[in-house]
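First comes the structure, then the notes that go with it.
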There are 4 protein chains.
Amino acid sequence: MTPELLTDQPTPERPARQRLPAIVRVTQILDAALRVFSDKGFAAARIDDVAAAAGLSKGGVYTHFTSKEEIFGALLTRLMLPLHANRPPLHPDTAVTVDVLVRQVVAPMYDSLGDPATALTLRLMLADGARAQQLVGQWREMVVEPYLADIQQLLQRGAAQGHLRRGVLLREPRLVLSPGVHTMLELLVQGTLDATAMERQRKAHIAMLRELLEP
Amino acid sequence: MTPELLTDQPTPERPARQRLPAIVRVTQILDAALRVFSDKGFAAARIDDVAAAAGLSKGGVYTHFTSKEEIFGALLTRLMLPLHANRPPLHPDTAVTVDVLVRQVVAPMYDSLGDPATALTLRLMLADGARAQQLVGQWREMVVEPYLADIQQLLQRGAAQGHLRRGVLLREPRLVLSPGVHTMLELLVQGTLDATAMERQRKAHIAMLRELLEP
Amino acid sequence: MTPELLTDQPTPERPARQRLPAIVRVTQILDAALRVFSDKGFAAARIDDVAAAAGLSKGGVYTHFTSKEEIFGALLTRLMLPLHANRPPLHPDTAVTVDVLVRQVVAPMYDSLGDPATALTLRLMLADGARAQQLVGQWREMVVEPYLADIQQLLQRGAAQGHLRRGVLLREPRLVLSPGVHTMLELLVQGTLDATAMERQRKAHIAMLRELLEP
Amino acid sequence: MTPELLTDQPTPERPARQRLPAIVRVTQILDAALRVFSDKGFAAARIDDVAAAAGLSKGGVYTHFTSKEEIFGALLTRLMLPLHANRPPLHPDTAVTVDVLVRQVVAPMYDSLGDPATALTLRLMLADGARAQQLVGQWREMVVEPYLADIQQLLQRGAAQGHLRRGVLLREPRLVLSPGVHTMLELLVQGTLDATAMERQRKAHIAMLRELLEP
DNA sequence: AATGAATGAGTTTTCATTCAT
DNA sequence: GATGAATGAAAACTCATTCAT
């Protein structure tokens with residue numbers, strides 16, 4: 001805090017136009033867009049809002065995107081990508097017990113519920129889904145289906161090992177996720193869900209899997 | 001300009017579309033509004049869209065409502081009315097088996113998935129959640145909670161009768177609904193779900209309940 | 001001018017929103033657009049200008065046209081139509097002398113040069129022609145070509161009657177118009193052409209036709 | 001940060017497009033501007049368009065010009081320069097026949113129609129006439145008038161020599177050019193004119209001159 | 001009651017120009 | 001000299017709402 005340095009620094013009236021590499025700006029704009037779109041929905045969100053939230057001018061946004069629609073598309077694309085990579089690394093021949101299933105599938109699911117981006121993504125898909133029908137289709141195909149296939153494989157291995165009972169879940173791996181999806185929807189409809197409730201639902205979910213899968 | 005000629009001449013110049021009683025029009029407009037709002041969300045919906053969907057002109061809508069907000073409000077009110085009556089007819093002291101549970105709970109749920117109004121309402125709650133906070137609150141209070149209480153009572157009766165096994169579902173009746181909610185979300189995200197897929201999910205749901213509840 | 005009538009008439013602050021039938025408004029808007037576009041060119045013309053010139057609000061213009069481009073298209077279409085109908089009604093077997101040719105072809109041409117709309121149309125076609133390439137093509141086909149065919153027929157009839165000499169013009173009726181087109185271009189480039197110059201060029205045009213056509 | 005390393009390392013990170021001497025760049029930019037302005041008109045032309053057409057970036061254009069207007073001005077200036085020199089080489093006292101006239105006047109005219117710059121310049125004068133008033137004035141004064149005077153002199157010499165007939169063209173040398181001007185306008189309106197049509201019109205032009213001038 | 005032209009207050013989009021790198 | 005991100009002032013366009021008919 002050397003006073004001398006500050007003394008003859010004329011405070012620039014304009015905050016010294018930030019000039020960042022495009023990739024950084026695009027990221028900032030998408031971050032801002034996520035916040036704004038999720039808050040007000042796509043239609044009600046103004047480009048000014050996004051620009052302000054991203055810390056640049058309206059025109060600046062248009063340096064990187066050609067339209068509001070394009071921002072929406074880029075945002076959804078970015079939101080869906082990570083889900084892709086998130087799948088647990090395959091495991092050789094460890095015993096597949098319910099505990100393992102919980103660790104590999106259930107826990108990450110409830111963890112992601114804590115991440116606001118998850119709710120936001122889902123809300124965007126639901127609220128403005130029509131606008132993104134194609135993207136949603138791709139997402140199903142590239143992310144959801146392989147994920148379910150993975151779970152099914154896990155279950156079958158567990159059953160083959162005699163660690164899991166053969167029941168509906170073996171045929172319908174979707175059901176493994178249902179209680180979590182249910183929670184997610186509640187979270188979405190209500191806006192929040194207190195930690196206690198969340199924890200209780202997680203426990204119930206696990207208990208249910210035990211009843212269905214333990215031999 | 002013979003007066004006689006004018007007297008019984010129906011003026012055919014103006015098409016003079018339907019002039020219907022107000023109650024009919026209001027109903028038509030709200031039906032249209034539900035469709036349009038659910039489809040595009042409140043903000044993106046144009047009064048013209050609602051008017052067109054209701055089969056009258058923009059100005060015609062304003063004959064019955066003073067603003068877009070008012071239409072939204074009236075729509076919420078109307079959506080809430082049936083909520084009070086909707087609960088399944090109470091049951092005396094019949095044996096509560098899984099079959100009964102399916103008939104009382106699961107079947108109606110999948111039936112309602114077929115009704116567009118269900119999806120539309122849910123989508124409205126998700127897309128314009130903030131605006132529809134009132135709807136969301138009332139819906140929880142008037143529909144979800146009593147419904148769950150009902151189910152819990154059923155389950156406990158069945159358990160007391162020895163027809164149902166005591167498991168997680170007894171403590172967490174939510175789980176009885178989870179697979180159906182999961183299906184509903186898929187329906188919402190994808191826009192449609194073919195009859196085959198729906199039937200399969202219904203069967204899996206029932207099978208799961210059997211595994212969890214049959215003694 | 002009965003004072004009583006005026007006394008308790010509160011002068012309405014707002015000038016009593018004009019409400020005219022669409023056809024009238026469309027006409028007014030196109031009139032205004034002709035003036036504005038010709039004055040500043042399509043690109044530099046603002047919708048506000050057109051609206052102001054037409055005596056309504058910007059939004060009012062959009063009640064009748066969906067875009068600036070559409071106004072341009074409608075304007076050019078309207079400007080080109082009359083040229084179509086303008087062709088002299090065919091005449092049975094009158095003698096076709098140079099005088100007749102002048103009366104039927106040359107005179108109307110120079111008359112139309114006096115009409116500002118002619119210059120404006122041409123200017124629009126030239127300045128913003130790329131935008132209207134298709135329209136220009138249609139115009140050639142529907143208006144220009146038949147017009148030239150007409151002239152050629154006239155010339156050949158005159159020649160057959162022995163009233164006109166057989167020369168280039170018989171093969172190339174375009175040339176009948178060339179001096180007039182030349183004048184038109186000068187008019188366009190310079191913005192105006194004084195009456196004296198115009199008259200002189202008209203006379204020269206006729207004299208040339210005489211030299212080429214009189215036997 | 002070894003200085004040695006930096007010394008002879010060509011920095012390949014930035015493509016560092018051509019860094020050319022200013023005069024070259026200015027020429028390229030004006031070439032580009034002529035194309036772009038003629039194509040879309042001054043108002044509709046974007047600096048980006050000009051820059052792209054000149055093969056550099058928007059900012060690069062501003063290194064050489066301070067505004068769009070300045071580019072326009074410089075372009076006009078450059079377009080005017082050749083006007084001074086363009087006049088056909090003077091002719092001593094050769095016999096002036098129609099053939100000579102064709103060689104001296106008609107041929108160069110149709111040749112220049114092939115040169116895009118001609119059409120471009122004319123279109124510029126027409127489209128942005130108000131803005132190019134200066135160009136228009138100078139062009140008349142420096143090109144058109146002397147050119148017509150030249151032609152008139154030629155014609156009179158030919159007539160005096162008995163090689164040319166005394167007719168309207170002697171009084172109105174403009175008419176010598178009219179068919180060519182007509183062709184130019186068609187070229188302008190249509191964007192292109194195939195070689196066959198052009199050749200045919202040239203021949204008709206010459207034939208007409210013969211009919212008017214040969215004794 | 002109904003229509004549809006008209007308004008005006010936004011909102012999106014464009015682009016000449018600036019400037020940090 | 002050159003680039004391209006950023007700005008800001010304008011322009012195009014949208015749409016809830018009003019109102020003459």
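Chain letters run A, B, ... following the sequence lines, proteins first and then strands; every chain starts at 1. Keep in mind it's a predicted model, so treat the numbers as computed, not measured.
- In this structure, D48(A) atom CG and dT13(E) atom P are separated by 11 Å, rounded to whole Å.
- Taking both residues in full, the closest heavy atoms of A32(C) and A53(C) are given as CB-CB, 3.6 Å, listed atom of the first, atom of the second, then distance.
- Summarising the geometry, the separation between CD1 on I71(D) and C1' on dC15(E) is reported as 13 Å, rounded to the nearest angstrom.
- Annotation: side chain of L79(D) is in contact with side chain of L34(D) (closest heavy-atom distance under 4.5 Å).
- Between R123(B) and L126(A) the shortest heavy-atom distance is NE-O, 3.4 Å.
- A 4.5 Å side-chain heavy-atom check between L56(C) and L20(C) finds every atom pair outside the cut-off.
- Partners of R35(D) according to the side chain to side chain donor-acceptor pair (under 3.5 Å) rule, which considers only residues two or more places apart in sequence or in another chain, do not exist here.
- Whole-Å rounding puts the E70(D) CD to dA16(E) C1' distance at 14 Å.
- Minimum interatomic distance between S38(C) and L120(C) (heavy atoms only, all atoms of both residues): CB-CD2, 3.0 Å.
- Along DNA chain F, the nucleotide nearest to A22(D) and the one nearest to F42(C) differ in position, and the one closer to the 5' end is contacted by A22(D).
- The distance from atom CZ of F72(A) to atom P of dT12(E) is 15 Å, rounded to the nearest whole Å.
- Toward the 5' end of DNA chain E, the nearer of the two residues P21(B) and A44(D), judged by each one's closest nucleotide, is P21(B).
- Under the 4.5 Å side-chain criterion, counting only non-hydrogen atoms from C-beta, D49(D) is in contact with R46(D).
- Between F65(A) atom CZ and dT14(E) atom P there is a gap of 15 Å when expressed in whole angstrom units.
- For R19(A), counting side-chain heavy atoms from C-beta on, the closest listed nucleotide (dA20(E), dT17(F), dA2(F)) is dA20(E).
- Taking atom CZ of R25(D) as the reference point, atom C1' of dG1(F) lies 9 Å away to the nearest angstrom.
- As a whole-Å value, the separation of D49(A) CG from dT13(E) P is 14 Å.
- Stretches of at least 3 consecutive Watson-Crick or G-U wobble pairs, with each checked distance under 3.5 Å, appear in DNA chain F as E:2-21 with F:2-21.
- Between R46(D) and dC15(E), a side-chain N or O to OP1/OP2 separation shorter than 4.0 Å is present.
- Backbone-only contact: A45(C) has heavy atoms under 4.0 Å from sugar-phosphate atoms and none from a base.
- A heavy atom closer than 4.0 Å to some atom of DNA chain E occurs in L56(C), S57(C), G59(C), G60(C), T63(C), H64(C), these being the qualifying members of residues 53-64 of chain C.
- Ion pair R78(C)/D31(C) flagged as a salt bridge, since at least one NZ, NE, NH1 or NH2 atom sits closer than 4.0 Å to an Asp/Glu carboxylate oxygen.
- Between Q18(C) atom CD and dG4(E) atom P the separation is 20 Å, expressed in whole Å.
- The two residues L30(D) and A74(D) have their closest heavy-atom pair at CD2-CB, 3.9 Å.
- Residue I47(B) places its side chain closer to dT17(F) than to any other of dA12(F), dA5(F), dT17(F).
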